[in-house]
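So that the names make sense, note that chain A is the first sequence line, chain B the second, and so on, each numbered from 1. Hydrogens, waters and symmetry mates play no part in the numbers below; they use all other heavy atoms, side chains included.
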Amino acid sequence: MTSSDKTLKIYIPRDAAAVSVGADELVSAFEAQAATRKLAIEIIRPGSRGLLWLEPMIEVATPEGRVAFGPVEEKDVASVLDAMVANGSHALRLGVAEEIPWLKKQTRLTFVRCGVVDPRSVEDYIAHDGYRGLARALTLDSAGIIADVTTSGLRGRGGAGFPTGIKWKTVADTKADRKFIVCNADEGDSGTFADRMIMEGDPFVVIEGMTIAGIAVGATKGYIYIRSEYPHAVEAMNEGIAAAKRAGYLGDKIRGSAHAFDLEVRVGAGAYVCGEETSLLESLEGRRGIVRAKPPLPAHKGLFGKPTVINNVLSFAAIPFILDNGAKAYADYGMGRSRGTMPIQLAGNIKFGGLFEVAFGITLGELIDDIGGGTFTGKPVRAVQVGGPLGAYFPRELFDTPFDYEAFAKRDGLIGHGGIVVFDDTVDMSKQARFAMEFCAIESCGKCTPCRIGSTRGVETIDKIRRGERVAENIAVLQDLSNTMKFGSLCALGGFTPYPVMSALKHFPDDFGPVPTRLQAAE
Amino acid sequence: MNAAYEPNAYESWSADRGTEIIESLSHVEGGVIVILHAMQEAFGYVPEPAIPMIALARNLSRAEVHGVFTFYHDFRHEPAGKHVLKICRAEACQAAGGDALAARAEAKLGVKFGNTTADQRVTLEPIYCLGLCATAPSAMLDGRLVGRLDEKRIDALVAEAQR
Ligand SMILES: Cc1cc2nc3c(=O)[nH]c(=O)nc-3n(C[C@H](O)[C@H](O)[C@H](O)COP(=O)(O)O)c2cc1C
Ligand code: SF4
Ligand code: FES
């Protein structure tokens with residue numbers, strides 16, 4: 001690099017959310033401005049810090065630290081560049097990025113580097129404490145690594161919350177000629193984008209986590225299954241893998257040790273159900289994504305019939321911190337049986353939306369009102385859906401629920417992958433219930449009748465309710481149908497679709513009736 | 001910048017080219033989906049004659065490969081329009097006012113979701129979450145992401161697709 005002291009270092013995110021609101025255009029605009037002014041600049045493309053309402057949020061290196069500006073539009077480029085050169089004031093100037101309260105209030109263990117480092121550079125990753133977890137793992141034996149993961153209390157971040165250490169131990173204890181590590185990057189839940197952000201902003205932390213898993217259980221090959229809706233993440237992971245290989249962090253002798261580990265990215269093809277672990281394995285083998293019956297568990301017979309660790313992106317991304325800082329450092333955060341931090345995603349109709357990583361225990365109300373600032377439409381929050389399309393709708397009365405696996409389960413909900421979608425008071429909850437059924441019908445793998453047929457019946461029944469046809473009777477039918485789906489489905493697609501439906505009905509009964517009368521009543 | 005950003009320009013189907021694609025991926029374990037993606041990338045859809053060729057190369061029945069092909073929403077039976085506009089229809093985008101914008105796009109284009117305009121210019125498709133749920137509502141035009149849609153932005157996007 002030719003950057004001298006006088007070169008202005010400007011950081012413009014390459015995160016897909018930032019790009020979707022104009023980050024790429026800013027790069028060209030800054031380059032053009034700098035050229036006409038004969039100003040030396042260097043543009044670095046990190047991921048996003050996660051303050052997504054401020055995107056594109058760009059930064060400039062100053063003696064005080066990286067100073068942020070946002071949201072920056074093309075028309076602001078000239079004046080922002082003036083302010084950068086003079087280190088002076090600007091209406092969009094947000095101060096030193098790390099000092100922005102929304103960021104400062106977080107506990108970033110997993111996302112500590114996201115938005116900070118250059119995701120294409122292993123050197124930058126290492127300069128920011130990367131690969132220290134792996135270095136420590138290489139000094140331990142399999143049991144030692146797994147003991148750390150178990151003691152940390154880490155539970156799977158993909159939704160089911162199964163203890164990660166136990167899963168790894170099962171695979172480690174199963175003898176086989178080949179074993180696999182699979183990273184579930186299908187992230188199909190609406191309202192979630194943490195997997196995407198970390199893959200785009202800090203791919204090496206995912207690679208390091210998977211490598212440690214491989215060493216722990218004796219697997220030499222890993223796959224990252226990324227949904228096709230995430231082309232930027234696919235590119236980031238492919239580039240990350242190539243860079244890690246070049247630097248000796250993947251391949252035959254990892255960092256000169258006796259361990260071999262290699263990674264390959266596979267791209268999904270637009271099927272929500274392929275996020276379910278056994279469906280994902282079928283898809284990786286090149287088949288239809290039909291859910292497999294369990295047992296056998298993937299830990300015993302997984303990919304190509306071999307013992308397989310399958311974990312969510314965030315589960316793997318939590319591992320390097322745990323190995324580097326010790327299990328206790330992670331377990332010290334959290335409440336009850338939910339240990340550590342959760343990268344929570346605030347989405348939908350929310351004023352300050354983005355990624356908020358925080359210890360378990362924060363309440364839903366704090367997240368939505370204090371952190372999220374309510375709705376961007378300025379109307380009252382009426383309902384929030386937590387945990388994706390299979391998650392329950394919560395009314396304001398339940399906003400005291402702490403973010404914790406058990407607390408949500410107790411209230412007939414789930415935290416899932418940590419996405420929260422906020423709706424204002426214009427939401428029609430029977431319409432949302434209908435969508436839940438419709439989505440299940442579109443995405444069902446077709447194996448079980450309650451899921452495949454029940455969801456279609458569900459749509460029809462809700463339509464009748466909305467037309468005002470024998471409302472009480474059809475609500476009973478809907479309840480029956482939901483019970484059949486809940487207990488007669490093989491996986492959580494059919495089994496949990498009743499959660500959004502029943503929670504909508506339970507907490508918002510006034511929305512279930514003939515649409516015209518309701519709209520009149522609302523006037 | 002990226003091939004996905006260019007408007008669709010595809011090769012026309014030839015069995016030789018199909019064979020070439022299949023052979024170039026022969027080392028990929030369980031690679032049927034990888035091959036189908038590669039076919040679609042080359043031709044813009046998965047041509048019918050490709051199915052038995054994949055089956056033969058992979059030692060599978062034609063029905064099995066056909067089953068895989070039809071299971072996944074991504075794979076096309078026929079070429080799409082010149083541009084593909086995908087609008088997110090999932091919950092976070094609904095919460096941010098996406099339904100009205102989706103209806104507006106349908107009206108402007110004169111087609112329902114899942115269809116291509118009569119002049120073969122635009123295919124309009126639903127997509128269920130692009131991971132842009134905090135900068136919602138969102139859409140994708142030929143691989144380019146667009147967030148924070150409002151009436152003005154969706155109109156501009158539709159106009160761009162129609163060009
Ligand atoms: C319909 C359905 C969709 C799912 N989608 C995802 C997903 O997109 N990502 C994910 O990590 N887990 C998803 N899961 C959960 C996985 O089956 C599995 O529990 C998870 O990958 C295990 O990893 P973890 O223990 O690290 O969470 C889904 C489950 C179901 C039933
Ligand atoms: S519940 Fe639905 S998606 Fe799950 S296995 Fe049964 S049919 Fe397939
Ligand atoms: S719900 Fe539309 S981008 Fe996620």
Side-chain angles (χ1 to χ4, degrees), chain A residues 16-17 19-21 24 52-53 55 187-193 195-197 228-233 235 266-272 274 283-290 303-304 345-350 353-355 376-377 385 388-389 419 421-424 427 432 435 439 442-443 445, chain B residues 1-5 28-38 40-41 54 58 60 64-75 86 88-99 125-140 143-149 153:
Chain A
V19 168
S20 81
V21 291
D24 285 348
L52 295 176
W53 78 98
E55 291 292 358
E187 196 166 63
D189 291 358
S190 165
T192 68
F193 43 80
D195 295 349
R196 181 186 65 64
M197 276 186 62
S228 60
E229 292 85 348
Y230 283 2
H232 293 74
E235 192 186 337
R266 288 286 176 92
V267 181
Y272 176 75
C274 286
S283 185
L284 265 181
E285 291 180 20
R287 282 196 289 274
R288 298 188 295 154
I290 306 282
L303 188 61
F304 302 117
Q345 301 126 82
L346 300 173
N349 187 346
I350 189 155
L355 186 121
F376 68 62
T377 46
Q385 187 177 29
V421 177
V422 178
F423 293 80
D424 72 12
V427 68
Q432 296 310 123
F435 178 77
F439 187 73
I442 296 170
E443 299 297 338
C445 86
Chain B
M1 269 178 64
N2 173 326
Y5 283 64
V28 179
E29 208 172 346
V32 173
I33 294 167
V34 181
I35 298 173
L36 290 170
H37 268 309
Q40 185 147 311
E41 214 162 274
I54 299 171
R58 289 275 159 175
L60 297 166
E64 277 172 297
V65 179
H66 189 259
V68 176
F69 167 56
T70 51
F71 183 85
Y72 295 95
H73 300 306
D74 278 1
F75 299 129
K86 298 185 182 191
C88 177
R89 308 303 316 273
E91 291 92 332
C93 286
Q94 295 167 10
D99 284 350
E125 289 180 344
I127 191 162
Y128 295 95
C129 193
L130 288 158
L132 308 173
C133 330
T135 48
S138 325
M140 192 185 224
R144 192 182 91 228
L145 298 172
V146 189
R148 277 186 209 138
L149 288 174
R153 277 168 76 92

| So which heavy atom on A:F423 is nearest to which on B:E91, and how close? | CZ-O, 3.8 Å
| request: Could you tell me which non-hydrogen atom of B:Y72 sits nearest to which non-hydrogen atom of A:R287, and how far apart they are? | output: OH-O, 2.6 Å
| message | Between A:S228, A:G348, A:A271, who has the most heavy-atom pairs with chain B when the cutoff is under 4.5 Å? | response | A:G348
| query | How long is the span from the CZ atom in A:R288 to the CD1 atom in B:I33, to the nearest 0.5 Å? | reply | 11.5 Å
| Side-chain heavy-atom pair A:C445, B:F71 within 4.5 angstrom cut-off | yes
| query | Taking the side chain as C-beta and beyond, is there a heavy-atom pair between A:H232 and B:L145 under 4.5 Å? | reply | yes
| field | Candidate pair A:V421 and B:C133, rule side chain to side chain contact (heavy atoms under 4.5 Å, CB included), full reasoning | value | CA-CA 8 Å; A:V421 177; B:C133 330; 5.9 Å; no
| query | Say you draw a straight line from OH of A:Y230 to CG of B:L130; how long is it, rounded to the nearest 0.5 Å? | reply | 8.5 Å
| query | Relative to chain B, which segment of A:I350 carries a heavy atom at a distance below 4.5 Å: side chain, backbone, both, or neither? | reply | neither
| message | Assess the residue pair A:E229 and B:M140 against the criterion (side chain to side chain contact (heavy atoms under 4.5 Å, CB included)); give the C-alpha distance rounded to whole Å, side-chain angles, the decisive distance to 0.1 Å, and a yes or no. | response | CA-CA 9 Å; A:E229 292 85 348; B:M140 192 185 224; over 6 Å; no
| Highest number of heavy-atom pairs under 4.5 Å with chain A: which of B:G98, B:A95, B:P137, B:A90? | B:A95
| query | With a 4.5 Å heavy-atom cut-off, do A:E55 and B:R148 have their side chains touching? | reply | yes
| message | Between B:H73 and A:E443, is the side chain to side chain contact (heavy atoms under 4.5 Å, CB included) condition met? List the steps. | response | CA-CA 9 Å; B:H73 300 306; A:E443 299 297 338; 3.2 Å; yes
| Residue A:V427 versus chain B: region with a heavy atom under 4.5 Å | neither
| note | Honestly, the part of A:D189 sitting under 4.5 Å from a heavy atom of chain B is backbone
| said: Just checking B:Y128 against A:Y272, ring centres under 6.0 Å apart? | reply: no
| side chain to side chain contact (heavy atoms under 4.5 Å, CB included) between B:V28 and A:R266: does it pass, once the steps are laid out? | CA-CA 10 Å; B:V28 179; A:R266 288 286 176 92; 3.0 Å; yes
| field | For the student: nearest non-hydrogen atoms of A:A17 and B:T135, plus distance | value | CB-OG1, 4.1 Å
| query | Looking at A:S190 and B:C129, what are the two nearest heavy atoms and their distance? | reply | CA-SG, 3.8 Å
| message | If you count heavy-atom pairs within less than 4.5 Å of chain A, which of B:G31, B:G147, B:S138 leads? | response | B:G147
| request: Select one option (side chain, backbone, both, neither) describing which atoms of A:E187 are under 4.5 Å from chain B's heavy atoms. | output: neither
| Between A:I442 and chain B, which part of the residue has a heavy atom less than 4.5 Å away: side chain, backbone, both or neither? | both
| So what's closer than 4.5 Å to chain A heavy atoms on B:R89: side chain, backbone, both or neither? | backbone
| field | Selection from A:G268, A:G188, A:A233, A:G419 maximising heavy-atom pairs under 4.5 Å formed with chain B | value | A:G268
| field | Residue selection (most heavy-atom pairs with chain B, distance under 4.5 Å) from A:A16, A:A269, A:G289, A:G388 | value | A:A269
| query | Side chain, backbone, both or neither: which part of A:S283 has a non-hydrogen atom closer than 4.5 Å to chain B? | reply | both
| field | Partner chain A: residue of B:G67, B:C93, B:C88 with the largest heavy-atom pair count (under 4.5 Å) | value | B:G67
